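Working notes, structure below.
When a ligand or atom number is given, it counts from 1 through the structure's own listing order. Nothing here was measured: the structure is a model prediction, and the numbers come from that model.
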Amino acid sequence: MAISGNKNIQRPIGIFGGTFDPVHFGHLRLALELKQFLGLAEVRLLPCHVPPHREAPIATPEQRLLMLKAALGDQSELTIDERELKRDGFSYMFDTLTSLRRDLGTTPLCLIIGSDAFIGLPEWHRWQELIELCHIIVMPRPGWKRIEKSPLNEWMDSRQAISPEALSHSSAGLIIFNEVTQLDISATKIRDLLKKGESPRYLLPDSVLSIIIEQELYK
Ligand code: ATP
């Protein structure tokens, strides 16, 4: 969709991958803030099937999807992209972005990742090619700092966007750092509370908590 008279300007789509085991207000708040601040057309929450860089989720793909759907309800700013759940094997971001690019043509894509994940980017499958498929939005997490002698440094310095507007002018190729409100919430914390028999209420939507209780998850 063109947002000005210039047909080369398109509102980008944000892609936010995670295990969402379960989805919580930390995820939802940052997705909404980035959508608003960067003028994204939508942010797609993309649950991964088999994460290549961490242990397997506890809830099944179906349960994680059910919780995401319950969390998003009928609002239209945040959406769900189910493509990784439908693909067997490791959920490599390179494959996901290639598939998104095939569907979305030249629409700018913004991959949203925390600075913790960004530091580990050189371990990702075909990491140097990711930037040909999308822009990368890095959310600095507490304690974030540049790691000296990382292959990331030169790679990132030559691609930094000067302003969010630049993201709409090309399909891929830029990196931007964008602060979001730091809510001290993690899925690990929620699972730990449930394991101890304590309530995680107010850290995640009530609709998600109802599913967790009904399906006796994370006990
Ligand atoms: P876990 O505790 O199981 O590792 P998580 O809460 O970090 O889960 P993920 O599904 O792994 O959730 O989230 C995907 C990404 O979301 C993470 O890489 C992280 O950068 C980001 N994220 C998660 N929680 C927050 C938060 N409270 N504030 C900002 N970013 C967050």
Side-chain angles (χ1 to χ4, degrees), residues 14-38 40 43-72 78-85 90-94 96-97 110-125 127 130 134-145 147 152 156 175-196 198 200-205 208-209 211-212 217-219:
I15 305 295
F16 178 39
T19 43
F20 304 113
D21 188 26
V23 59
H24 53 70
F25 284 134
H27 300 129
L28 299 171
R29 181 65 211 165
L30 76 85
L32 185 62
E33 283 187 16
L34 289 176
K35 177 178 184 289
Q36 292 177 146
F37 185 76
L38 300 173
L40 306 176
V43 173
R44 295 189 185 189
L45 274 58
L46 193 134
C48 73
H49 191 186
V50 188
H53 302 289
R54 55 173 292 166
E55 71 284 5
I58 293 173
T60 64
E62 293 75 22
Q63 287 170 323
R64 290 182 291 124
L65 185 59
L66 188 67
M67 291 189 281
L68 274 167
K69 286 184 176 165
L72 299 194
L78 310 182
T79 56
I80 303 171
D81 193 304
E82 299 179 29
R83 75 189 60 220
E84 286 195 349
L85 295 182
F90 284 122
S91 305
Y92 289 120
M93 190 49 79
F94 177 83
T96 304
L97 290 168
C110 292
L111 178 65
I112 298 166
I113 56 178
S115 55
D116 45 344
F118 184 66
I119 290 168
L121 200 69
E123 280 138 49
W124 291 23
H125 179 58
W127 73 276
L130 296 178
C134 64
H135 301 303
I136 299 180
I137 315 295
V138 186
M139 301 169 292
R141 306 292 303 272
W144 148 255
K145 61 177 186 333
I147 297 183
L152 265 182
M156 134 181 124
I175 298 174
I176 197 165
F177 285 76
N178 196 103
E179 299 276 349
V180 290
T181 303
Q182 298 291 331
L183 296 175
D184 188 12
I185 304 175
S186 69
T188 305
K189 185 186 246 179
I190 292 169
R191 293 194 302 269
D192 285 350
L193 285 169
L194 286 157
K195 217 172 175 176
K196 287 190 281 181
E198 290 172 18
R201 196 159 184 214
Y202 308 130
L203 298 176
L204 74 177
V208 176
L209 184 55
I211 294 172
I212 292 174
L217 270 166
Y218 311 120
K219 274 186 142 179

Region of Thr19 engaging ligand 1 - heavy atom pairs below 4.0 Å
both

Interatomic distance, Phe94 atom CZ to Leu130 atom CG [nearest 0.5 angstrom]
7.5 Å

Side chain, backbone, both or neither: which part of Arg141 comes within less than 4.0 Å of ligand 1 when only heavy atoms are counted?
side chain

Atom 4 (O) of ligand 1 [closest protein heavy-atom partner, distance rounded to 0.1 Å]
Arg54 NH1, 3.0 Å

In terms of residue, atom name and distance, what is the protein heavy atom nearest to atom 24 (N) of ligand 1?
His24 CE1, 3.3 Å

To the nearest 0.5 Å, how far apart are CZ in Phe20 and CG in Leu45?
4.0 Å

In the protein, which heavy atom is nearest to atom 2 (O) of ligand 1, and how far is it?
Thr188 OG1, 2.4 Å

Could you check atom 29 (C) of ligand 1 against the protein and tell me its nearest heavy-atom contact, residue, atom and distance included?
Leu30 CD2, 3.5 Å

Give, for atom CZ of Phe118 and atom CZ of Phe177, the distance between the pair rounded to the nearest 0.5 Å.
4.5 Å

Hey, what do you get for CG (Leu217) to CD1 (Ile211), rounding to the nearest 0.5 Å?
9.0 Å

Short side-chain to backbone donor-acceptor contact, Gln63 and Thr60, under 3.5 Å:
yes

For atom 13 (O) of ligand 1, the protein heavy atom that lies nearest, with its residue and separation
His27 NE2, 3.2 Å

Would you call Gly17 a ligand 1 contact, heavy-atom distance under 4.0 Å?
yes

Against heavy atoms of Asp116, which atoms of ligand 1 measure under 4.0 Å?
20 (O)

For Arg191, atoms of ligand 1 separated by under 4.0 Å from a heavy atom
3 (O)

Numbering as shown, the atoms of ligand 1 that approach Gly114 to under 4.0 Å (heavy-atom distance)
20 (O)

Note: Val23, heavy atoms under 4.0 Å from ligand 1, region reported as neither

Run the salt-bridge test on Arg64 and Asp21 with the 4.0 Å N-O cut-off and return the result as yes or no.
no

So, the side chain of Ser115 versus the backbone of Arg141: is there a donor-acceptor pair under 3.5 Å, distance only?
yes

Heavy-atom protein contact below 4.0 Å for atom 7 (O) of ligand 1
no

For ligand 1, which atoms, with element, lie under 4.0 Å from some heavy atom of Phe20?
10 (O)

Nearest protein heavy atom to atom 27 (N) of ligand 1, by residue and atom, and its distance?
Leu183 O, 2.8 Å

Which segment of Ala187 sits under 4.0 Å of ligand 1 when only heavy atoms are counted
both

Say you draw a straight line from CD1 of Ile175 to NE2 of His135; how long is it, rounded to the nearest 0.5 Å?
11.0 Å

Any donor and acceptor pair, going by atom type alone, linking the side chain of Lys196 with main-chain N or O of Arg191 inside 3.5 Å?
no

So CD1 of Ile136 and CG of Leu121: to nearest 0.5 Å the spacing works out to 5.5 Å

Atom indices of ligand 1, in the order listed, that fall short of 4.0 Å to a heavy atom of Gly18
10 (O), 14 (C)

Out of Leu193, Ile190, Ile212, which residue meets the side-chain contact (heavy atoms from CB on, under 4.5 Å) rule with Tyr218?
Ile212

The closest protein heavy-atom partner of atom 15 (C) of ligand 1 is Phe16 CE1, 3.8 Å

